[in-house]
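Notes to accompany the following structure.
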Amino acid sequence: MSQYESASIERRWQKMWKDGSIYHFDKDSDAPIFSIDNPPRYASGSLHLGHATGYSMIDFVARYRRMNGYNVFFPLCFDVNGTPVEVKVEKKHNITKLDLPRNEYRKLCSEYADSFIDEMKHHFEILGESMDPSIYYQTDAPYYRRITQISFVKLFNKGLVYKGNFPVNWCPRCMTALADAEVEYDKNVTKLNYIKFMVDGTDDHISVATTRPELLCTCKVVAVHPDDKEKRHLVGKDLVTPLYGRKVKVIADPKVDPAFGTGNVMICTIGDKDDLEWVMKYKLEMEKGIDEFGKMTALAGKYEGMTVKEAREAAIADLRESGLLVRQEDSPQNVSACWRCHAPVEFLQVPQWFLKTLDFKKQVLARAEEMNWYPEFMKIRLQDWVNSLEWDWVLSRQRIFATPVPVWECEDCGHAVAATEEMCYVDPTEDSPPISKCECGGKLIGCTDVFDTWMDSSGSPLYNTFWERDSEMFKRMFPMSMRPQSHDIIRTWAFYTILRSEQIASSIPWKDVMIHGFIMAPDGTPMHSSVGNVIDPIPIINEYGADALRYYACNCSMGIDHAFREKDVIRGRKLCNKLFNLGQFAGPRFDRRPEMPENLRTSDKWILSRYSDVVTSVTGHFESYQFDKAMRDAENFIWHELADHYVEMVKSRRDDAAKYTLYTVLLGSVKMIAPFMPHIAEDIYQNHFAAHEKDRSIHLSKWPATVLNDKKAESTGDLLKDVIAAVRGWKSERKMPLNAELNMVEIIGDCLMLNDARVDITETIKAKNLEIVETADITEEVISLKPVHSKLGPAFKGLAKMIVAEIAKLDPAKAASMLRNGGITIEADGQSVTVTEEFLEPEKRLMLNGKQVETIQVGGILIAIEP
RNA sequence: GGGCUCGUGGUCUAGGGGUUAUGACGUCUCCUUGACAUGGAGGAGGUCGCCGGUUCAAAUCCGGCCGAGCCCACCA
């Protein structure tokens with residue numbers, strides 16, 4: 001077998017890893033812990049390319065750390081909370097949250113989500129993920145929700161939680177409040193309606209442009225710009241609202257854009273966030289024109305009970321009929337929409353639980369400075385977000401399938417009583433409060449609100465480090481080693497986690513943050529199922545293997561988005577095949593674990609020293625999460641130094657030095673690849689090394705160390721490689737087979753160090769006779785002198801250009817002889833300068849007995865060949 | 001509108017003041033050699049987005065412009 005068959009081989013080792021619990025996190029181990037705050041995969045079923053690459057990148061870290069002696073904490077985990085599941089369940093069963101008792105509704109959601117878990121576990125398995133099932137968690141489980149609730153109770157008792165009656169983003173379809181971070185903007189074109197407002201007591205009118213005439217019922221004031229000369233006289237006067245006939249004042253406010261619409265703004269309580277700013281500024285009384293169902297309230301008069309959209313259409317029709325609608329024009333707008341169900345979001349005043357956030361801006365920014373961000377520039381995203389925050393965090397949602405807010409409220413006085421920590425996990429809609437009645441004697445009613453899912457998610461470092469479960473472990477593990485995530489949720493997951501770690505533990509949650517980008521469609525645009533350009537990774541894995549897909553993943557540098565490139569996957573498969581065949585070649589030569597012998601040849605020292613350099617650079621790149629660079633260095637070495645050159649040199653050797661070198665370099669190389677391509681690495685290890693090594697899996701073996709640092713051998717080796725490559729190239733040019741024998745090869749020049757490698761040369765290029773000499777009975781003819789700019793520039797500065805021009809005018813042969821006799825003196829810019837040998841590099845042609853021979857020039861040396 | 005990232009052969013990409021600009025995929029020529037033809041040796045193919053500036057020297061640093069993507073804000 002000379003081809004690597006990914007499908008059967010990958011399955012084989014996946015089974016071995018699973019059966020052998022290779023990736024077990026050992027709580028009792030004294031080894032240093034490396035903990036990964038793995039993103040729990042959302043329970044939605046289908047695996048997309050972004051998952052496949054993102055989780056592969058995290059796996060690279062886990063495997064690398066494991067091989068470096070860490071007790072790696074890398075949990076298998078799933079996120080099973082929140083409204084996306086609810087939305088799907090409601091669609092599937094054609095219900096809303098009001099149609100079923102809470103318990104039954106919850107059960108449907110839970111069953112729906114759980115139905116995906118096995119499939120998702122399988123996905124991780126076929127990707128070769130090294131997550132540990134022994135530290136499995138699911139965010140909807142009571143053991144996880146308990147942590148969310150305890151952390152809430154602590155914050156509640158610290159006075160950081162309050163119930164507020166502020167306007168919040170409200171999704172009428174989900175019937176719940178939303179955080180700013182949950183609101184999306186969809187592009188849309190709407191009608192901008194120009195409506196007449198009569199000036200009270202006169203026949204004058206002004207027109208107001210609005211996209212939302214249905215909100216006229218809560219119109220409180222009309223604002224104009226203070227510099228607007230035409231309207232200034234109206235400030236302070238009353239206008240009459242159309243349809244409702246209410247009197248509203250005209251005010252002047254600099255935030256009004258005189259160029260938009262009519263330059264007059266009607267301010268309603270409450271339409272959007274801009275309205276809210278004015279409402280706060282002018283202390284306007286809040287009125288609720290739209291209710292939680294997205295329907296108009298009694299305030300809307302004849303439109304009561306209509307949906308917002310119906311009311312808008314009806315209001316426009318009425319305005320038109322009564323001649324108050326001046327005109328309409330198209331207006332592009334961004335409609336705020338619920339990120340889960342895409343229904344338009346309203347801005348409503350509904351009592352909600354808030355967590356104090358604005359007071360912690362400084363602390364969060366300071367904590368961000370304490371952590372290492374990879375890449376560094378992603379920290380700016382967090383800073384921008386924190387600096388732009390204007391509201392505290394709305395913690396509560398009026399949903400069902402999520403962690404309940406562990407609070408009871410007094411029916412009479414509204415006093416809130418939180419659960420005790422010991423009670424958690426608790427469901428106030430079913431369980432009794434910690435005290436039988438309120439201090440005022442009133443009855444305590446269980447809160448039906450649940451938490452924003454980010455409240456659960458942002459507690460993952462607390463859950464992972466055994467907070468409130470095992471204080472010893474928490475002490476050892478908190479803060480965690482690293483958080484991997486994508487850049488889109490910096491403002492949510494990263495931000496909330498940092499915030500809560502500060503509030504709960506006065507600490508950073510993790511030391512490192514690794515931010516990866518998105519995988520885009522091959523044309524660089526985002527993948528969307530609505531566009532139909534989503535790429536399914538499963539067929540790719542089936543065709544090329546998981547290692548090939550992982551190879552693609554490691555070529556995606558951190559922080560930036562990447563268009564999918566199938567050719568990288570193809571390259572990955574080829575690399576698997578190359579590695580597999582290196583094993584096939586070398587494996588049979590190994591009979592034991594060899595010790596380093598005394599008599600290493602130059603070529604051995606060369607590859608060992610180069611290998612050591614690569615170990616150092618690859619290790620450095622792993623430490624800074626630069627997988628693309630790590631892979632490039634490792635791959636380039638393995639393919640183009642080890643395979644193309646060293647293996648060619650040792651093909652005919654069976655000595656201990658060759659065995660030792662090949663064994664050491666190949667094993668170490670495979671280890672460097674192991675975090676990226678775990679299957680092929682394990683396959684080579686098991687087939688060719690396991691018999692001589694003690695580790696039961698390459699993934700439990702030690703990361704390679706440097707062996708030798710011999711710069712002299714490296715430069716000799718590079719020359720050797722160049723000489724051999726040159727001769728092979730020469731053969732290729734003459735269409736000769738690479739193993740064609742040559743009568744005589746003469747290497748001439750500063751190359752006596754190649755004497756160490758005579759055998760390597762003759763064996764590799766198949767030369768019957770080899771001469772290595774410093775000079776030969778040949779004449780050299782200098783055909784040109786090349787300026788060495790890197791030396792000329794610093795030495796002669798501004799004159800360098802003229803010097804180069806002057807030298808180019810000289811006859812090369814004569815100039816070369818002048819150079820040998822002390823230098824060339826040139827008049828440049830009125831000055832006389834002398835250019836010596838170091839500044840010019842002669843290019844020579846060789847003549848043997850006055851006749852040009854077949855020569856190849858390699859750097860400063862020449863190779864003469866007699867076929 | 002703001003922030004971030006990026007414009008390098010046909011496509012994708014590395015590099016990031018100093019000889020001839022890296023590699024992959026594609027393409028063309030040649031080579032079955034005892035690990036691999038999913039291989040090897042070579043070739044063709046580039047004004048490093050545009051315009052200025054700094055410098056002896058700019059693909060690289062600085063400024064401006066043009067273009068792309070992501071994130072954020074958002075107009076009644």
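In what follows, every chain begins at residue 1, and chains take the letters A, B, ... in the order their sequences are listed. Just so it is clear, the values below take in all heavy atoms, side chains as well, and ignore hydrogens, waters and symmetry mates.
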Say you pick atom [atom1] in [N] and the same atom in [M]; how far apart are they, in whole Å?
N	M	atom1	answer
B/G43	B/U38	P	23 Å
B/C50	B/A68	C1'	15 Å
B/A59	B/C48	P	7 Å
B/U8	B/G3	P	24 Å
B/A35	B/G15	P	36 Å
B/U47	B/U5	P	28 Å
B/G64	B/C28	C1'	43 Å
B/U60	B/G49	P	8 Å

>> Side chains of A/F689 and A/L666, heavy atoms from C-beta outward: is any pair under 4.5 Å?
In response: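 Answer yes - side chains close enough.
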> If you find the nucleotide of RNA chain B closest to A/N636 and the one closest to A/P522, which residue's nucleotide is nearer the 5' end?
Replying inline: A/P522
> For A/N264 and A/S557, take the nucleotide of RNA chain B holding the closest heavy atom to each; which residue's nucleotide lies nearer the 5' end?
Replying inline: A/S557
Base, sugar-phosphate, or nothing for [X], non-hydrogen atoms under 4.0 angstrom?
X	result
A/V208	nothing
A/V265	base
A/D644	sugar-phosphate
A/D384	sugar-phosphate
A/P375	nothing
A/M378	nothing
A/T210	sugar-phosphate
A/H487	sugar-phosphate
A/A643	base
A/I380	sugar-phosphate

>> I need the A/M677 CE to A/I684 CD1 distance, nearest 0.5 Å.
In response: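 Reported value, rounded in 0.5 Å steps: 9.5 Å.
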> Which of parallel (below 30°), tilted (30 to 60°) and perpendicular (above 60°) describes A/F495 and A/W385?
Replying inline: perpendicular
For [N] and [X] - does any side-chain N or O of the residue sit under 4.0 Å from the phosphate oxygens OP1/OP2?
X	N	value
A/W639	B/G40	yes
A/K574	B/A24	no
A/K379	B/C4	no
A/R573	B/U38	no
A/R381	B/G3	no

Output the single nucleotide from [options] whose closest atom is nearest the side chain of [X].
X	options	value
A/K629	B/A35, B/C71, B/G15	B/G15
A/R565	B/C12, B/A35, B/G69	B/C12
A/K567	B/C12, B/C70, B/A35	B/C12
A/L192	B/C70, B/A76, B/A24	B/A76
A/P526	B/G69, B/G18, B/A24	B/G69
A/K797	B/A24, B/C56, B/C36	B/C56

>> What I want to check is whether the side chains of A/D561 and A/H487 have a donor and an acceptor closer together than 3.5 Å.
In response: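 Side chains of A/D561 and A/H487: pair found under 3.5 Å.
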> Side-chain donor-acceptor pair under 3.5 Å between A/Q626 and A/Y374, yes or no?
Replying inline: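 No, no side-chain donor-acceptor contact under 3.5 Å.
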> Is the NZ or CZ atom of A/R550 both under 6.0 Å from the centre of the six-membered ring of A/F676 and within 45° of that ring's axis?
Replying inline: no
> Are the aromatic ring centres of A/F796 and A/F839 under 6.0 angstrom apart?
Replying inline: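 Between A/F796 and A/F839, the centre distance is under 6.0 Å.
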> Between the base of B/C36 and the side chain of A/K578, is there a donor-acceptor distance below 3.5 Å?
Replying inline: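 Counting by modelled atom types and ignoring angles, a donor-acceptor contact under 3.5 Å is found here.
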